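Note sheet for the following structure.
These values consider heavy atoms only, across backbone and side chains, with no hydrogens, waters or symmetry-generated copies. Here the structure is a predicted model, which is why all the values come from computation and not from measurement.
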Amino acid sequence: MMRIAVIGAAGRMGKTLIQAITDANGVELGAAIVEPTSSLIGADAGEVAGVGKLGVSIVSDIQDCVADFDVLIDFTTPALSVANAAYCAENGKSIVIGTTGLNDEQKALLAEAGQKTSVVFAPNMSVGVNLTLKLLSLAAEILGDDYDVEVVEAHHRHKVDSPSGTALRMGEVVAEALGRDLKECAVYGREGQIGPRTQKEIGFETIRAGDVVGEHSVWFATEGERIEIVHKASSRMTFAKGAVRAAAWLENKQAGLYDMQDVLNLK
């Protein structure tokens with residue numbers, strides 16, 4: 001039975017991850033970690049998540065439970081996720097990271113951790129989103145430069161990074177299929193007298209409102225028609241189930257930096 005640790009166990013995503021672990025086969029909750037100032041330290045993680053007693057007491061530091069898990073699931077912050085990846089690499093633990101907003105330097109540090117342990121890093125753990133990425137690559141290859149590309153995303157008011165990691169990944173996938181560098185062709189929002197759209201730019205529009213879990217739409221538009229590839233998430237459980245699936249997939253995997261395309265055998 002693979003033992004999974006959840007960091008940020010008292011948050012919305014952490015509780016959903018614990019629920020997903022208890023519902024899955026072949027895995028169990030081994031540890032639950034919260035910030036040192038939390039009033040929930042010592043509480044039963046299952047009771048906090050609303051799934052009943054699991055016999056796993058919440059702790060405040062990964063070092064306090066390192067012997068209790070095989071893989072860590074991390075949906076926290078870029079700096080903390082990078083630190084946790086390094087800790088797991090040094091202590092023979094695998095890690096699944098769904099944190100968004102990492103910069104290039106932080107991504108390079110994840111690759112460094114992947115030289116010592118198995119790491120799954122993806123901006124979106126949803127099975128549906130990762131299938132959508134495959135469809136976007138195929139669409140871009142077939143449609144080519146004759147179609148304008150726009151990425152529109154919407155999330156809840158509490159999301160701190162923009163555009164979303166998923167939106168950026170969608171843009172990267174399309175750019176790669178078209179032979180472009182997203183850093184050179186991306187346009188983030190438009191305002192004022194900006195002139196006509198250039199042929200090879202990829203635009204991003206962001207919406208932050210209410211309790212939207214996550215919606216992404218990619219437009220391929222030309223004279224006379226528009227194709228939209230859309231994914232809408234209605235529950236965080238879709239991300240949690242994907243993360244748990246990734247954790248189970250890591251069993252006996254060699255050291256390396258993987259993503260959900262590897263987990264789902266979409267490459």
Side-chain angles (χ1 to χ4, degrees), residues 1-85 87-88 91 93-101 119-127 155-161 164-165 210-214 233-251 260:
M1 185 76 75
M2 173 174 276
R3 302 168 303 161
I4 299 176
V6 173
I7 189 162
R12 290 174 297 178
M13 193 64 208
K15 292 176 183 177
T16 307
L17 283 165
I18 292 172
Q19 293 169 12
I21 291 167
T22 59
D23 290 341
N25 295 320
V27 299
E28 65 180 1
L29 183 69
I33 308 160
V34 297
E35 58 187 14
T37 58
S38 175
S39 62
L40 294 172
I41 295 170
D44 186 281
E47 290 188 326
V48 171
V51 296
K53 281 193 174 183
L54 296 176
V56 176
S57 296
I58 294 176
V59 299
S60 62
D61 196 303
I62 191 173
Q63 297 182 43
D64 296 334
C65 60
V66 66
D68 300 324
F69 70 91
D70 306 301
V71 56
L72 174 70
I73 298 181
D74 185 323
F75 280 74
T76 58
T77 64
L80 184 55
S81 293
V82 169
N84 287 333
Y87 183 85
C88 287
N91 288 274
K93 308 295 180 178
S94 299
I95 185 169
V96 173
I97 299 174
T99 306
T100 60
V119 179
V120 171
F121 168 58
N124 195 306
M125 295 288 172
S126 160
V127 173
H155 283 85
H156 52 86
R157 62 165 64 99
H158 302 292
K159 187 167 179 60
V160 297
D161 57 313
S164 70
D211 60 355
V212 179
V213 174
S234 57
S235 169
R236 289 179 179 80
M237 185 57 75
T238 187
F239 312 125
K241 286 182 176 179
V244 173
R245 181 168 176 172
W249 180 84
L250 280 175
E251 187 171 15
M260 285 299 289

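- Not one N or O on the side chain of K159 forms a donor-acceptor pair closer than 3.5 Å with the backbone of S164.
- Within the 3.5 Å criterion, the main-chain N or O of G8 finds no donor-acceptor partner in the side chain of E35.
- Contact detail for V56 and G30: the closest heavy-atom pair is CG1-O, 3.9 Å.
- If you take CZ on F69 and OG on S94, they are separated by 9.5 Å, rounding to the nearest 0.5 Å.
- Once rounded to the nearest 0.5 Å, the distance linking CD1 of I18 with CD1 of I4 reads 11.0 Å.
- The backbone N or O of Q19 sits less than 3.5 Å from a side-chain atom of T22, completing a donor-acceptor pair.
- Rounded to the nearest 0.5 Å, atoms CZ (F239) and CG (L17) are 11.5 Å apart.
- How far CD1 of I33 is from CD1 of I41: 11.5 Å, rounded to the nearest 0.5 Å.
- Considering only heavy atoms from C-beta on, M125 comes within 4.5 Å of V96 through its side chain.
- At least one donor-acceptor pair under 3.5 Å links the side chain of T16 to the backbone N or O of R12.
- Between I95 and Y87 there is no side-chain heavy-atom pair separated by less than 4.5 Å.
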Please test D44 against K53 for salt bridge (charged side-chain N to carboxylate O under 4.0 Å, His left out), starting from the C-alpha separation and ending with a verdict. CA-CA 6 Å; D44 186 281; K53 281 193 174 183; over 6 Å; no
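- In this structure, CG on L29 lies 6.0 Å from CG on L54, to the nearest 0.5 angstrom.
- With rounding to the nearest 0.5 angstrom, the OG1 atom of T100 is 3.5 Å from the CG atom of D161.
- Between the side chain of D68 and the main chain of A31, no donor-acceptor pair closer than 3.5 Å is present.
- Without hydrogens or angle criteria, N91 side chain to K93 main chain gives no donor-acceptor distance under 3.5 Å.
- In this structure, the side chains of I62 and I7 stay at 4.5 Å or more apart for every pair of heavy atoms.
- Inter-residue side-chain proximity for M2 and V71 is flagged as met; some heavy-atom pair is nearer than 4.5 Å.
- Annotation for K241: atom NZ does not count as buried by contact number, only 12 or fewer foreign heavy atoms lying within 6.0 Å.
- Taking 4.5 Å as the limit, some side-chain heavy atom of R245 sits within range of a side-chain heavy atom of V127.
- Counting only heavy atoms from C-beta outward, the side chains of V120 and I97 never approach each other to under 4.5 Å.
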